[in-house]
Amino acid sequence: MTKALIAMSGGVDSSVAAYLTLEKGFECIGATMRLVENDTACLKTAKTCCSLEDVEDARSVAYRLGIPFYVFDFTPEFKKYVIDRFVCAYECGATPNPCIECNRYMKFQVLLRRAIELGCDYLVTGHYARIENRDGRYYLLKARDPGKDQSYVLYMLTLNQLSHMLFPLGDLLKSETRQIAEKLGFVNARKRDSQDICFVPDGDYAAFIESYTQKKYPIGKFVDEQGNELGEHKGFIRYTIGQRKGLNISSSKPLYVKKKDAESNTVVLAENNRLYSTGLEVTDFNWIAFDTPPDKLRASVKIRYSQTEQPATIFATGEKTVRIEFDNSVRAISPGQSAVIYDGEYVLGGGTII
RNA sequence: AGGGGCGUCGCCAAGCCGGUAAGGCACAGGACUUUGACUCCUGCAUUCGUCGGUUCGAAUCCGGCCGCCCCUG
């Protein structure tokens, strides 16, 4: 019998994914990754993918399905691959996406390796995305539910990893997932979708970084594009490109963060129309749809999770680097975020913006 | 000291031939969201430097005082 390890977060999606995999006749093992020491973040409750409460929800579902359930302690790996990189990126003035890193390192490397060690053929997650095997090659596609599509956070999957992954929810609508959970009486059927950074449940990531590093990030200057001082900022890790709220600077027009300079500890503010640009460079690019990408191709691109795709021309500038030139200028390109390129339903590849 | 100007929410700023306080920024709360942001919705001056006067009624007219700015000495 084919064996699958189900990554169960305790949420509805992965719970239903487990059920569907079992239905298909796989031998299933449920597993939750323990990623954070309970005192690292103030994880008393709610909204996180790894609180004790969530582990119990996952355990409850596994029990109901009659499958074995494990908790893997990956706190050291999570610290190294996700938290430290997250903090480091902010210290360098970038805007990281920890969910991407968690997928890349925790789910698709550490957990997948563990699954294979346990004799599993597949790792199953509750992501909304689809995998297609055509002509002996694996492709990553968007989910059927366009409102829930999560292919953006999966662009780093290699062909080898894809051959061991299953996304049972790829053809479901979110509402259908909830219905199934409801019908099966899962405890989490009506649980709220997760949001915020899981290791920063209250959303105050800057406070998290300060308490984690025990550093205090010095105040600095807000300046306009001409270099005129506009005010004082509260430590540049608190700002990201395109940000408007929380600047505490009043003016006749809304002001946004245009640029951050870690070197001089300066944050440049400008009006919205100054935030648009037409091109960007991407590094650590992972091509899914090509072994050798064409030098140049037309595609549509997302430069943040929730953004409609933008038409662009892609230039493969190196093994893992790409230059993207948009047809129309795009707002607030943020280094550290991921750029993912699509051709229709297909994810061509993606990488990190520099 | 004399001449001129100004004083409206934390900031900017309408209103000023009287009729019962626009708007923007900031801020707060909510929605959206497996990242940070953006966006959207809601809230946000019983009060117009102050004290009097005129009037049915004043932020708007008049006078005193206080404060600030500019010019002249």
Side-chain angles (χ1 to χ4, degrees), chain A residues 7 9-14 17 33 35 46-51 54 82-83 85-87 89-104 106-107 125-129 143 145 147-156 167 169 174 177 191-209 222 230-234 236-260 267 269 271-273 275-276 302-308 310 330-340 350 352-353:
Chain A
S9 66
V12 224
D13 293 333
S14 54
M33 297 186 284
L35 301 174
K47 295 204 298 188
T48 139
C49 58
C50 27
S51 71
D54 291 316
V82 181
I83 300 182
R85 290 172 141 267
F86 172 81
V87 170
Y90 265 113
E91 289 186 337
C92 294
T95 306
N97 184 335
C99 294
I100 299 264
E101 303 300 277
C102 180
N103 286 338
R104 183 199 309 273
M106 302 309 300
K107 296 188 185 114
T125 72
H127 286 111
Y128 286 82
D145 185 342
K148 208 55 204 179
D149 172 48
Q150 292 172 323
S151 58
Y152 175 86
V153 296
L154 303 173
Y155 72 83
M156 76 300 292
F167 301 135
L169 305 187
K174 178 77 189 198
T177 301
K191 188 158 142 186
R192 205 190 144 85
D193 284 6
S194 62
Q195 57 185 128
D196 290 337
I197 301 169
C198 72
F199 53 93
V200 189
D202 66 354
D204 190 348
Y205 73 86
F208 169 83
I209 291 174
F222 279 130
L230 297 174
E232 198 170 69
H233 75 237
K234 294 180 288 200
F236 76 89
I237 61 162
R238 316 186 92 88
Y239 309 97
T240 183
I241 310 278
Q243 178 172 336
R244 169 183 179 176
K245 293 289 174 187
L247 304 178
N248 232 296
I249 299 287
S250 68
S251 70
S252 53
K253 291 283 195 169
L255 290 176
Y256 298 82
V257 173
K258 174 166 183 176
K259 221 175 97 190
K260 294 169 68 176
V267 177
L269 267 29
E271 286 181 27
N272 191 253
N273 60 15
L275 266 50
Y276 288 80
K302 275 171 80 160
I303 58 166
R304 49 175 57 80
Y305 181 73
S306 48
Q307 180 195 40
T308 53
Q310 301 296 319
V330 296
R331 182 182 177 282
I333 294 169
S334 310
Q337 293 286 292
S338 296
V340 178
T352 307
I353 299 168

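On a predicted model such as this, the values are computed, not experimentally measured, just so you know. Throughout, protein chains are lettered first and strands after them, A, B, ... in sequence-line order, and every chain is numbered starting at 1.
Using a 4.0 Å heavy-atom cutoff across all strands shown, A/Q307 reaches no nucleic acid atom at all. Counting non-hydrogen atoms under 4.0 angstrom, A/E101 reaches nothing in the nucleic acid. Nucleic acid contact class of A/Y205 (heavy atoms, under 4.0 Å, all strands): sugar-phosphate only. In this structure, A/I100 reaches neither bases nor backbone, as no heavy-atom distance under 4.0 Å exists between it and the strands shown.
Among residues two or more places apart in sequence or in another chain, the ring pair (Phe, Tyr, Trp, His ring centres under 6.0 Å) test is passed with A/H127 by A/F167. With sequence neighbours left out, A/R85 forms a salt bridge (charged side-chain N to carboxylate O under 4.0 Å, His left out) with A/E101. With sequence neighbours left out, A/D204 forms a side chain to side chain contact (heavy atoms under 4.5 Å, CB included) with A/D202, A/A206, A/A207, A/R238. Residues forming a side chain to side chain donor-acceptor pair (under 3.5 Å) with A/K253 (at least two apart in sequence, or on another chain): none. With sequence neighbours excluded, the residues that form a side chain to side chain donor-acceptor pair (under 3.5 Å) with A/Y155 are A/R104, A/S338. Under the side chain to side chain donor-acceptor pair (under 3.5 Å) criterion, A/K302 pairs with no residue at all, not counting sequence neighbours. Checked against side chain to side chain donor-acceptor pair (under 3.5 Å), A/Y128 has the following partners two or more places apart in sequence or in another chain: A/D13, A/T177.
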Between N or O atoms, less than 3.5 Å apart, protein on one side and nucleotides 38-42 of chain B on the other: list the pairs.
| unit_1 | atom_1 | unit_2 | atom_2 | d |
| --- | --- | --- | --- | --- |
| B/C38 | OP1 | A/R244 | N | 2.5 |
| B/C38 | OP1 | A/K245 | N | 2.7 |
| B/U39 | OP1 | A/R244 | NH1 | 3.0 |
| B/U39 | OP1 | A/Y256 | OH | 2.6 |

Using the 3.5 Å cut-off, write out each protein N or O paired with an N or O of nucleotides 9-14 of chain B and the distance between them.
| unit_1 | atom_1 | unit_2 | atom_2 | d |
| --- | --- | --- | --- | --- |
| B/C11 | O2' | A/S250 | OG | 3.4 |

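Across all strands shown, nothing is found opposite B/A13 as a Watson-Crick or G-U wobble partner with both distances under 3.5 Å.
Set against B/A26, B/C25, B/U34, the side chain of A/N248 has B/A26 as its closest nucleotide.
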